[in-house]
Structures are given as structure tokens and as C-alpha cells.
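Here's the structure we're looking at; comments come further down.
Indexing begins at 1, ligand by ligand and atom by atom, following the structure's order. Quick caveat, the model's predicted, so the values are computed rather than measured.
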Amino acid sequence: MRRIMTDIVMRERIARLKAERRAVILAHNYQIGPVQDIADFVGDSLELSRKAAAIEAETVVFCGVHFMAETAAILCPDKTVLLPDAGAGCPMADMITAEELRRWKTRYPGRKVVCYVNTSAEVKAESDICCTSANALQVVESLPDDEVLFVPDKNLAAFVARRSRKKIVAWDGYCYVHHHIHPADILSGKKAHPDAEVWAHPECRPEVLDLADKVLSTGQMVQEALRTDRREILIATETGIAHRLRKENPGKDFLPVKENALCANMKKITLPKVLSSMEKMKPRVSVPEDIRRRALGAIERMIRL
Ligand code: 13P
Ligand code: SF4
């Protein structure tokens, strides 16, 4: 009972600060339920950044991981962007640095670089165009070149390569949460739920995607959940998304194929940290102007498609 009261008080204080700070709270689809529930918008990485840019607010409280808050800071430099836990990074984004990318590019003169949105601002600044899990194929196909470089996710790159005639040279990065979902997890899910459809995120390994009925980004899962008549869906992605899918689709069952497919960094954001960041107006995320402008170029080229 005491804990429930504490949560209620916390939510009230957050609501008060939201008005005082002219703040908007954005939460990624993988955030814990209580954080999703206090957010003004819940969405995928790009939806949230675009929302941050479009909305009238002075402060954006970004409940997600660092590259997402950074993308918001790139798109709206006039707003204060808060990341309630400064240590909430993305291990996959950290698998390539700008220096590594600069060195890699020298081995492929003239090749264009497509960077996944899960990258640092510095890496985006070294890239020609950005992509998300929802539009990676479209972005690659939009380039006139027959061969492109793709960073950092080798699984997303493989997903695109199988659908494109272009040669994709991929960096050896991956998301540990999705990479640790194996074909055996899908097969045992199917055995237990033979009528279920299987949806997988394109960050999963190719052998897992081969067993899926649909390959969808988190934003596409949310849309497909509203559309589908299927009652049982096995999901191969971070389990946090099940909170939103279940909330928006009562009567449909969303079953994670791997209960421990958890992104430890996404889970670092909690209600007390959201409250504290709004009280102290930190930790802030900002990007030096020269890097911001170059990174913005890669993002805008994608948005224009
Ligand atoms: P989405 O862009 O599909 O939300 O994915 C972001 C992410 O980090 C997936 O692991
Ligand atoms: Fe990064 Fe994977 Fe976590 Fe997404 S789920 S933020 S790709 S570590």
C-alpha cells in the first residue's frame, strides 16, 4: 500500500513539473510499464524524435537510450533534452566509433555509408544517410550505388541484403538482446502455441527471421497489432513492448518467445529517475553544433524519402 501511495505521489509531482517546465515525456516501446504509462507519447526511436521536433515544449524528457535522446537533440537544438539516466546507452550503438568508421571508409573509397539510427551523433555525422528498422530497405534502395556500407547492425544489414540486389558490406555489430534469441526459442514457442503468428524484429539473426511470419520494427508491431485478427502472437523482440501491445489490444495475446529478452539499458529508466531529472533538469543531452549539423544531414536525407 505504501509503495502504491509513493507511486501516486511521484506521478503527481511529475505532472506538476511537466506543467512548470513546459515539458513533454516521450517513452520508447521497450520502457517499463509505469514509465510508458506516464508518457505523453510512446513510440519507436524515430517516431519519438520526430515528435520531439514537432511538439511545442521547452523540455523533452526522453525515456529511452542515449542515441535516441541525442537524435532528439539533433532535430530540436532549441529544446532541453533530458535522459533520466545518463548511463542508459545502447551497446550496439557503442560497437562503432566515428574514428573506426573513418578508418573503415578508407578501405572502400567512394562507397556511401548507411547508418542505423542506433548510432552516436558522431557516427551519423560521418554517414551519408540514416535508416531505422522500419525503412532500412527503402533507404538502401534509394541510393544509386550498387554497393553500400552499412553500420553497425549486421543482422539488419543481412535482412536488407536478402531483399536487395545491392551488395551490402556490413559492420560486425549486433544487438545482444535480439542476437540471443535463437531458432530453438521460436520453435518451442510454436510448439506450445501452434495457432500463433510469429513476429520478429529485424535485429534478430537471419535464422530466426526465417522462422517468422512477419518481420517488423517496434512501430510496425504496434500498427500490425491493431490490424490483425489473430488472437495469439509470439513476439521475438525486447519484452517491454508487450505492455503496450496488451494495453492497446485487450483480447489478443502477445507472448514473448524469450522472457529474458530484456534490454538492461532501457530498464534503467524508472519513475524516481524521471522525477529527479525533471527536478534537477539533468542529465542533459546535447550535441556540439558542427557534429549536429552533419548528423542532421544524414537524418534529413532519410526523412525526405
Ligand atoms: P525501433 O526503432 O524499432 O523502435 O528499435 C529500436 C531499438 O533499439 C531496437 O532494439
Ligand atoms: Fe540497443 Fe538492443 Fe537495447 Fe535496442 S534493445 S537499445 S538495439 S541494446
Side-chain angles (χ1 to χ4, degrees), residues 26-32 35-36 39 41-52 62-72 75 83-96 114-120 123-124 130-139 150-157 159-160 170-181 199-205 208-209 212 214-225 235-245 256-269 285 299 302-303:
L26 307 178
H28 187 265
N29 291 320
Y30 295 160
Q31 289 291 294
I32 58 167
V35 170
Q36 290 193 30
F41 298 98
V42 181
D44 69 21
S45 39
L46 189 72
E47 280 167 0
L48 293 178
S49 297
R50 293 174 97 159
K51 196 55 110 182
F62 211 117
C63 303
V65 292
H66 191 266
F67 78 84
M68 298 179 180
E70 218 179 33
T71 308
L75 287 168
L83 178 63
D85 185 319
C90 166
M92 171 159 68
D94 294 341
M95 285 179 185
I96 186 163
V114 178
C115 70
Y116 190 20
V117 68
N118 298 40
T119 44
S120 66
V123 166
K124 288 186 179 76
C130 186
C131 77
T132 71
S133 51
N135 64 15
L137 178 61
Q138 191 198 353
V139 166
F150 193 101
V151 298
D153 187 6
K154 64 178 174 184
N155 288 333
L156 183 59
F159 168 73
V160 172
W171 188 256
D172 191 20
Y174 59 89
C175 161
Y176 75 98
V177 180
H178 290 87
H179 203 59
H180 290 162
I181 298 176
W199 298 353
H201 193 280
E203 286 176 15
C204 293
R205 344 165 138 249
V208 164
L209 298 187
K214 290 176 182 150
V215 178
L216 304 165
S217 69
T218 66
Q220 289 168 338
M221 284 186 193
V222 168
Q223 290 162 16
E224 188 60 21
I235 48 168
T237 191
E238 214 275 354
T239 62
I241 197 171
H243 175 78
R244 176 168 182 191
L245 295 176
V257 292
K258 194 164 189 161
E259 280 297 344
N260 64 356
L262 291 167
C263 175
N265 285 281
M266 285 280 180
K267 274 37 190 180
K268 285 182 180 168
I269 312 291
V285 174
I299 296 170
M302 165 184 73
I303 289 175

Checklist line | Among His201, His28, His178, Lys267, the one residue meeting side-chain hydrogen bond (donor to acceptor under 3.5 Å, both in side chains) with Glu238 | finding: Lys267
Check: Which of the atoms in ligand 1, numbered in the order shown and given with their element, are less than 4.0 Å from a heavy-atom of Glu203?
Finding: 7 (C), 9 (C), 10 (O)
Check: Which residues and atoms, protein N, O or S only, are under 2.8 Å from atom 3 (Fe) of ligand 2?
Finding: Cys263 SG
Notebook entry, point to check: Just by distance, do the side chain of Arg244 and the backbone of Val42 share a donor-acceptor pair under 3.5 Å?
Noted result: yes
Item checked: Residue, atom name and distance, where the atom is the protein heavy atom closest to atom 8 (O) of ligand 1 -> Asn118 ND2, 3.2 Å
Note to self: Just verifying a value: how many Å separate Ile269 CD1 and Tyr30 OH, rounded to the nearest 0.5 Å?
What the structure shows: 15.5 Å
Check: Okay, side chain of Trp199, backbone of Gln220: is any donor-acceptor separation there less than 3.5 Å?
Finding: no
Check: So, the side chain of Gln36 versus the backbone of Gln31: is there a donor-acceptor pair under 3.5 Å, distance only?
Finding: yes
Check: Which heavy atom of the protein is the closest neighbour of atom 1 (P) of ligand 1, given with residue, atom name and distance?
Finding: Thr218 OG1, 3.5 Å
Check: In terms of residue, atom name and distance, what is the protein heavy atom nearest to atom 6 (C) of ligand 1?
Finding: His28 NE2, 3.7 Å
Check: CD1/Ile241 to CE/Met221 distance, rounded to the nearest 0.5 angstrom?
Finding: 5.5 Å
Next item on the list: Please report which non-hydrogen protein atom sits nearest to atom 2 (O) of ligand 1, along with the residue it belongs to and the distance in Å to one decimal place.
Entry: Ser45 OG, 2.7 Å
Item checked: Heavy-atom pair with the smallest gap, counting every atom of Ser49 and Met68 -> OG-O, 3.8 Å
Checklist line | Ser133 N/O under 3.5 Å from ligand 1 N/O | finding: yes
Notebook entry, point to check: Is there a side-chain contact between Asn265 and Cys90, using heavy atoms and a 4.5 Å cut-off?
Noted result: no
Checklist line | Nearest heavy-atom neighbours spanning Ile96 and Val123 | finding: O-CG2, 3.5 Å
Check: Taking N or O atoms only and a 3.5 Å limit, does Thr132 qualify as a polar contact for ligand 1?
Finding: no
Item checked: For the student: nearest non-hydrogen atoms of Cys175 and Glu203, plus distance -> CB-OE1, 3.3 Å
Item checked: Distance-only N or O hit between ligand 1 and Asn29, under 3.5 Å -> no
Next item on the list: Using non-hydrogen atoms of the residue, decide whether Met92 is closer than 4.0 angstrom to ligand 1.
Entry: no
Next item on the list: Would you check if the side chain of Lys268 reaches a backbone N or O of Gly87 as a donor-acceptor pair within less than 3.5 Å?
Entry: yes
Check: Atom CG of Asp153 and atom OG of Ser133: how far apart are they, to the nearest 0.5 Å?
Finding: 9.5 Å
Notebook entry, point to check: At what distance is the nearest protein heavy atom to atom 5 (O) of ligand 1, and which residue and atom is it?
Noted result: His201 NE2, 3.6 Å
Note to self: Residue-level breakdown please: for Asp44 versus ligand 1, do any non-hydrogen atoms fall below 4.0 Å on the side chain, on the backbone, on both, or on neither?
What the structure shows: both
Notebook entry, point to check: Side chain or backbone of Glu238 under 4.0 Å from ligand 1, or both, or neither, by non-hydrogen atoms?
Noted result: neither
